[in-house]
Amino acid sequence: MSFISKWAGLLGLLAVLVVGDQIRINRPGHKFRLTVEVTTPDGIKAGSGVLAVVPDRNYNRGGRTTMRGEAVFVDLGQDGAKGKNLVALLAHRQDAKLDFDDINYVALRAYGAARGNRVSFNDIHRQTGVVPVQADLVPVLVSFGDPHDPNTARLVAGDHAEAVLGQGYAVRGLTVEVVPNGFWPIDFGGVLGEPVTRGIDAKLPWLAAPGDPAATALQAAGLPAGGEAREAFARK
C-alpha cells in the first residue's frame with residue numbers, strides 16, 4: 001500500500017468516525033406526536049405535529065436537552081375572510097414568565113401520569129398508545145384573529161376557549177403518542193421513521209419577517225417576550 005493510499009484510508013476512517021459521532025450526539029432520544037382537538041359548531045377539528053427530543057450527549061455535558069419541531073396549528077374553519085385557529089405553543093406559563101424547557105418532557109410526564117408510575121428517558125421510546133396531556137402539562141394556547149398579523153394574538157384559556165374563539169368552541173383535549181425515531185438524519189417517513197413536522201411559516205407567514213415578530217405576538221397575547229420568543233413557535 002502506498003503512503004498516499006494509507007493516509008487516504010486513515011482520513012476516510014476518521015471521517016466515518018466523526019460523522020458517526022455527530023449522528024450519535026444529534027439523534028433524537030424520542031419523538032412524539034402532539035395532537036390538539038377542538039370542539040366547534042361544525043364538529044371536532046384537530047391538528048397535530050411530530051416533535052423530537054434530543055438529550056444532551058456532548059462530552060462536556062455543558063448543554064441541555066433540546067427540542068426540534070414547531071407549534072401545533074389547528075385550523076378551525078373560516079370566519080369571513082379570516083380563519084379561526086388555535087395554536088399550541090412550545091412553551092408553558094410559569095407565573096410571570098414562559099418556560100421553554102418543559103415542552104421537552106411533556107410526553108415523558110404524560111405517560112408517567114397515565115401509567116401511574118415514573119417513566120425514564122431511556123424507556124420513553126418503548127411506550128405505546130395515546131395518552132392525555134392534562135393540567136400543568138398543557139402548553140400555552142393562543143389564537144390569531146388574523147394569522148398574517150402577530151398583533152392579533154390572544155391568549156386562550158383551556159377551560160374558557162369560547163371567550164376568544166366564540167360560542168360553540170371548546171378545547172376538547174390534548175394527547176401525545178410516541179412515534180418511531182427512525183433512521184435520523186434520513187427519517188423521511190414510512191419505514192425510515194416519522195419526520196419532524198414543519199410548515200408553521202406558511203400558516204403564520206410573519207414568522208419569516210425581519211425583526212422579532214414572535215416577541216410581538218407573545219406581547220399581544222399578554223405573555224412575557226424575551227430573547228427566546230421564536231422558540232415558542234419553532235425549533236430547529
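Only a predicted model underlies this, so the values are computations on that prediction, with no experimental measurement involved.
- Of the inter-residue distances, the one linking L34 atom CG with T175 atom OG1 reads 7.0 Å to the nearest 0.5 angstrom.
- Rounding to the nearest 0.5 Å places CG of L137 at 6.0 Å from NE2 of H92.
- Under the 4.5 Å side-chain criterion, counting only non-hydrogen atoms from C-beta, P139 is not in contact with V106.
- Judged as a salt bridge (charged side-chain N to carboxylate O under 4.0 Å, His left out), the pairs with a partner in residues 154-176 (not counting sequence neighbours) are, in order, E37-R172.
- Here the CG atom belonging to L207 is positioned 8.5 Å from the CD atom belonging to E70, to the nearest 0.5 angstrom.
- Between R109 and D102, at least one side-chain N (NZ, or NE/NH1/NH2) sits under 4.0 Å from a carboxylate O, which counts as a salt bridge.
- None of L141, V138, T39 except one satisfies the side chain to side chain contact (heavy atoms under 4.5 Å, CB included) rule with V171; the exception is L141.
- Checked by atom type and distance alone, the side chain of Y169 never pairs as donor or acceptor with a backbone atom of K84 at under 3.5 Å.
- Although no hydrogens or angles enter the test, the distance criterion places no donor-acceptor pair under 3.5 Å between the side chain of K203 and the main chain of F73.
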Under 3.5 Å, side-chain donor or acceptor atoms of residues 41-54 against the rest of the protein: list the pairs with distances, not counting sequence neighbours.
none

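- When all heavy atoms of S143 and L165 are compared, the closest pair comes out as OG-CD2, 3.4 Å.
- The closest donor-acceptor contact from the side chain of R235 to the backbone of L90 lies under 3.5 Å.
- Distance NZ/K97 to CG/L223: 14.5 Å, rounded to 0.5 Å.
- A heavy-atom distance below 4.5 Å is not found between the side chains of F144 and D149.
- In terms of heavy-atom proximity, F32 sits nearest to V176 at CD1-CG1, 3.9 Å.
- For the residue pair A170 and A161, the shortest heavy atom distance occurs at CA-CB, 4.1 Å.
- Counting heavy atoms from C-beta on, the side chains of T216 and N151 come closer than 4.5 Å.
- Within the 3.5 Å criterion, the main-chain N or O of D95 finds a donor-acceptor partner in the side chain of R93.
- In terms of heavy atoms, A71 sits closest to A232 at CB-O, 3.9 Å.
- Shown here for A225 and A215, the closest heavy-atom pair between the two residues is CB-O, 3.6 Å.
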